[in-house]
There are 4 protein chains.
Amino acid sequence: MKPTAILLLHCPDKQGIISDVTKFITDNKGNIVYLDQYVDREDAMFFMRIEWELENFLIPREKIQDFINTLYAQRYKMEFQLYFNDEKPRMAIFVSKLSHCLYDLLARYKAGEWNVDIPCIISNHEDLRYIADQFKIPYYVWSIKKDHSNKAEVEKAEMELLKKEKISFIVLARYMQIISDDMIKTYPNHIINIHHSFLPAFIGAKPYHRAWERGVKIIGATSHYVTAELDAGPIIEQDVTRITHKDTPESLVLKGKDIEKIVLSRAVTKQIEHKILTYHNKTIIFS
Amino acid sequence: MKPTAILLLHCPDKQGIISDVTKFITDNKGNIVYLDQYVDREDAMFFMRIEWELENFLIPREKIQDFINTLYAQRYKMEFQLYFNDEKPRMAIFVSKLSHCLYDLLARYKAGEWNVDIPCIISNHEDLRYIADQFKIPYYVWSIKKDHSNKAEVEKAEMELLKKEKISFIVLARYMQIISDDMIKTYPNHIINIHHSFLPAFIGAKPYHRAWERGVKIIGATSHYVTAELDAGPIIEQDVTRITHKDTPESLVLKGKDIEKIVLSRAVTKQIEHKILTYHNKTIIFS
Amino acid sequence: MKPTAILLLHCPDKQGIISDVTKFITDNKGNIVYLDQYVDREDAMFFMRIEWELENFLIPREKIQDFINTLYAQRYKMEFQLYFNDEKPRMAIFVSKLSHCLYDLLARYKAGEWNVDIPCIISNHEDLRYIADQFKIPYYVWSIKKDHSNKAEVEKAEMELLKKEKISFIVLARYMQIISDDMIKTYPNHIINIHHSFLPAFIGAKPYHRAWERGVKIIGATSHYVTAELDAGPIIEQDVTRITHKDTPESLVLKGKDIEKIVLSRAVTKQIEHKILTYHNKTIIFS
Amino acid sequence: MKPTAILLLHCPDKQGIISDVTKFITDNKGNIVYLDQYVDREDAMFFMRIEWELENFLIPREKIQDFINTLYAQRYKMEFQLYFNDEKPRMAIFVSKLSHCLYDLLARYKAGEWNVDIPCIISNHEDLRYIADQFKIPYYVWSIKKDHSNKAEVEKAEMELLKKEKISFIVLARYMQIISDDMIKTYPNHIINIHHSFLPAFIGAKPYHRAWERGVKIIGATSHYVTAELDAGPIIEQDVTRITHKDTPESLVLKGKDIEKIVLSRAVTKQIEHKILTYHNKTIIFS
């Protein structure tokens with residue numbers, strides 16, 4: 001794996017952007033290994049992910065950010081993020097009591113599927129500590145009282161840990177607590193959640209049971225970024241599975257778990273590979 | 001194809017039903033060629049579809065209904081429907097302006113995929129008359145005024161036609177009018193509708209556009225029986241297709257049409273084969 | 001969970017089987033909670049899975065086998081297996097070096113998804129011992145020499161262990177050795193394998209790479225029983241995922257792993273629930 | 001719809017291509033509305049689809065081809081095709097006796113889904129003439145003798161018609177004749193075929209029946225370009241559907257037809273939109 005720079009950008013659509021950015025890289029002896037772009041015609045917005053090899057690139061990596069800022073960001077009213085493929089993102093996992101997503105994440109991590117570090121798992125319950133121990137990852141528990149009276153305090157402690165561990169993004173692997181606006185603002189579009197999805201939607205408690213009562217033929221899962229509005233953030237990935245009237249509410253839950261873990265892990269893969277751009281309330285997922 | 005009788009029944013779950021019904025058929029020299037049953041544990045209800053060959057069956061087909069009534073219906077508080085595979089159901093199609101579902105239905109009909117007659121197509125617009133003409137099926141138009149002032153009158157005329165044509169069930173192939181309670185009561189769980197489905201759901205106008213704005217990754221279609229509550233009747237069939245941020249609202253509509261027509265035709269197939277039982281607001285779909 | 005008996009049977013199709021078997025259960029005060037049957041018209045064979053509650057059943061569980069033998073097996077030339085839902089099957093897992101299937105199996109086991117015991121994991125390599133240790137399951141390694149000179153000896157030792165552990169069925173969780181005919185005969189249709197599947201098929205080494213070269217748009221996985229003919233046994237479960245030209249051979253392998261583990265676990269679920277009947281080289285999968 | 005030029009190109013991967021091509025368009029006042037590129041790392045080949053608005057473009061459309069040739073083609077050893085979105089491709093359909101694909105193609109054509117002309121339908125049988133008549137499209141029949149003694153003569157006549165009608169590409173909508181090398185060479189990677197696909201593959205006659213005998217759980221369809229090697233050309237699109245042991249060979253055929261028509265129409269859509277590049281024996285499908 002040769003070192004590369006990855007640039008994710010968006011700006012109002014204007015003639016010449018692609019030409020300018022690619023010329024900048026090429027003139028500085030960068031070999032472009034990936035380029036994908038997308039234009040939102042409705043909003044006349046331009047989105048691009050471009051990746052180039054740093055070997056022979058004339059600008060040192062620590063100065064690239066400045067160059068782009070100076071040369072293009074103001075001119076095109078561009079917002080951008082710059083990553084390097086040899087700098088591992090650091091991922092924190094939040095869990096409650098269900099193990100299926102956590103095992104799926106850690107099995108991939110352990111098998112070396114992902115270019116990521118997982119320095120900590122955070123929970124409001126002791127239940128899954130044995131899994132963290134199995135994988136020798138520090139497990140932190142802060143209990144949240146039923147009246148939520150200590151919630152602000154808990155989140156403060158969690159955010160200190162996240163800061164100390166230099167966490168790049170957070171994965172809620174079936175974490176059954178609402179994330180406060182404070183934490184959302186600290187990690188905007190960097191907290192990934194997973195939840196079940198139904199056609200039609202069922203709001204409220206026991207959704208699998210209500211889907212069963214309604215006789216739906218398909219159940220699904222949606223992974224999205226956490227925003228202030230509950231379960232309404234930008235969608236990263238979705239999938240479904242077929243069910244029949246012979247399924248019970250219990251078998252629906254089991255089939256739901258299978259989709260949840262796969263969909264969550266696909267979303268995490270895209271996050272680690274820096275292939276997600278968010279704009280307004282939607283995502284551009286580069287392939 | 002040998003003549004068969006098809007019995008669809010449901011009743012409170014009780015020991016001995018399967019044994020009793022199968023014994024009745026076997027004792028009368030009927031050869032059972034299909035049996036599938038399902039027990040709803042929550043409501044303790046029993047559902048069964050059973051099909052047997054009439055050749056050598058000791059009870060003449062016109063008396064079977066009475067026998068079942070006398071022997072079992074009261075005893076088990078059973079509701080049942082009896083069909084014969086050599087009696088073709090008669091299907092009416094309602095359309096407005098979109099052709100994709102209509103073509104899909106008629107192409108299958110013409111290719112002999114279905115054991116059904118289609119004596120009439122009914123519309124509130126002239127637009128699709130050319131398709132009815134292509135397939136030489138009578139096409140009836142009753143315009144509905146914008147203020148709906150003639151709607152009751154129109155439905156009366158339609159219901160007379162349906163009665164005259166001895167229609168067994170109705171397919172709304174993207175028919176853009178709300179069906180009145182009167183017609184629903186006349187054809188309870190015998191009016192099949194198709195509509196788009198999203199995760200999450202979008203209520204109101206221009207749903208494909210709103211799904212696009214929301215950046216969903218999957219769109220779908222649901223076929224269901226029409227009930228008094230709009231788009232909330234028993235679900236017969238559902239399917240989905242994957243989309244990406246590169247899809248436009250227009251391409252979503254096209255992809256949606258593909259799912260709609262396939263899902264509707266699958267639901268119609270099940271209807272023609274007498275493989276759907278409805279109970280409360282859900283369906284049992286026999287395979 | 002009330003105790004039930006589960007009867008899986010097949011025999012030449014003949015009038016009266018369903019009636020006879022259900023009458024036998026009902027007359028002996030058994031409450032039937034599941035019945036599904038299937039007739040293979042081509043071979044005129046009848047297949048059934050029937051499950052009834054043992055509470056109040058007049059025949060003691062240890063005598064049911066004899067009753068069925070005496071009453072029906074000879075008369076209908078019936079082959080059958082009888083299981084009890086409160087007797088846990090015992091499953092052995094064979095692995096080599098890849099961890100994805102093993103983690104998926106053990107995570108479900110640990111989460112209590114399955115009514116099964118896993119007394120041992122067997123391998124030809126030390127590589128995955130740490131996972132067995134994580135889950136505190138005995139891990140046995142028998143190295144097989146490159147020239148296979150000790151293979152017969154190794155299989156003998158493995159079969160002794162399997163016998164000692166009263167293993168009901170074996171799961172090859174990406175086990176990279178060919179199973180000998182001896183072991184296959186000892187566990188006929190009780191050894192479950194998983195392998196990748198492609199449209200079209202690619203035979204030989206590096207199939208993902210060859211699928212990539214060929215530009216296929218879909219890759220899949222197939223779980224099947226092991227028979228003497230390699231990868232040609234009765235198919236239990238299959239699934240696929242979409243890929244694009246942007247996938248690399250490496251990303252195909254990762255996507256393949258995801259399908260493999262899900263498909264294998266679905267097959268194991270059906271095995272544990274006694275919902276698979278095999279006949280000739282195909283399976284009847286009850287729902 | 002504003003007029004655009006669409007450039008599909010591939011060449012050995014080299015620094016500067018994207019920059020050069022985009023600069024050329026931008027410098028000439030072309031507004032790029034689509035750019036997608038792909039690099040095949042294994043073969044070090046570069047592929048790109050780029051589309052720009054012709055309004056204000058300084059080079060007249062009839063001279064663009066020359067400009068690209070002169071400026072880039074030789075320098076980069078580039079092969080390219082140039083299209084204009086306001087020039088409708090002309091599509092010929094070949095059929096035999098099965099109607100499902102033909103109806104699906106014509107229903108879309110008639111509904112205005114596609115920017116295409118269909119000046120002729122060609123067959124070796126009279127069977128589907130009524131459909132051509134329904135849609136008022138000329139239908140030509142050349143019978144091919146059982147001994148194929150007139151096949152060369154028939155293809156000659158067909159190719160004259162195709163030439164006269166200025167056909168851009170051919171769709172084999174379940175056309176049951178092998179296309180000769182002559183015709184393939186005249187329309188290289190411009191003849192689209194559809195055929196069923198199975199996991200595992202079944203070669204020879206009655207594949208649905210053999211898939212049924214083998215108990216497969218999934219059936220599919222593959223659309224590909226026709227090459228000299230039968231059914232082995234570059235794959236354009238694939239999809240599958242789930243089946244069960246309860247399906248009969250007949251129901252497999254019906255389910256197969258549904259996938260075939262949808263997969264074929266998706267491939268035709270990509271062809272009409274100039275979104276397919278072929279290289280060696282695989283396709284790059286732009287999104």
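The choice from D/Asp43, D/Thr222, D/Ile236 that makes the most heavy-atom pairs within less than 4.5 Å of chain C is D/Ile236. Between chain D and the residues C/His224, C/His280, C/Lys246, C/Arg41, the largest count of heavy-atom pairs under 4.5 Å involves C/Lys246. Interface check for chain D: of the options C/Gly233, C/Ser287, C/Pro249, the most heavy-atom pairs under 4.5 Å are formed by C/Gly233. Chain D forms the most heavy-atom pairs under 4.5 Å with one residue out of C/Glu213, C/Glu42, C/Lys217, C/Glu237, and that residue is C/Lys217.
The pair D/Lys275-D/Glu51 does not count as a salt bridge, with every side-chain nitrogen at least 4.0 angstrom from each carboxylate oxygen.
Contacts of C/Asp239 with chain D are made by both backbone and side-chain atoms, with heavy-atom separations under 4.5 Å. Neither the backbone nor the side chain of C/Thr244 has a heavy atom closer than 4.5 Å to any heavy atom of chain D.
D/Thr269 and D/Trp114 are linked by a side-chain donor-acceptor pair at a separation below 3.5 angstrom, with hydrogens and angles left out of the test. Side chain to side chain, C/Glu250 and C/His209 fail the donor-acceptor criterion of an N or O pair below 3.5 Å.
Relative ring orientation between D/Phe47 and D/Tyr279 is described as perpendicular, the plane-to-plane angle rising above 60° on a 0-90° scale split at 30° and 60°.
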Mind running side chain to side chain donor-acceptor pair (under 3.5 Å) on C/His196 and C/Glu260 for me, showing each step along the way?
-> CA-CA 7 Å; C/His196 38 64; C/Glu260 286 168 11; 5.5 Å; no
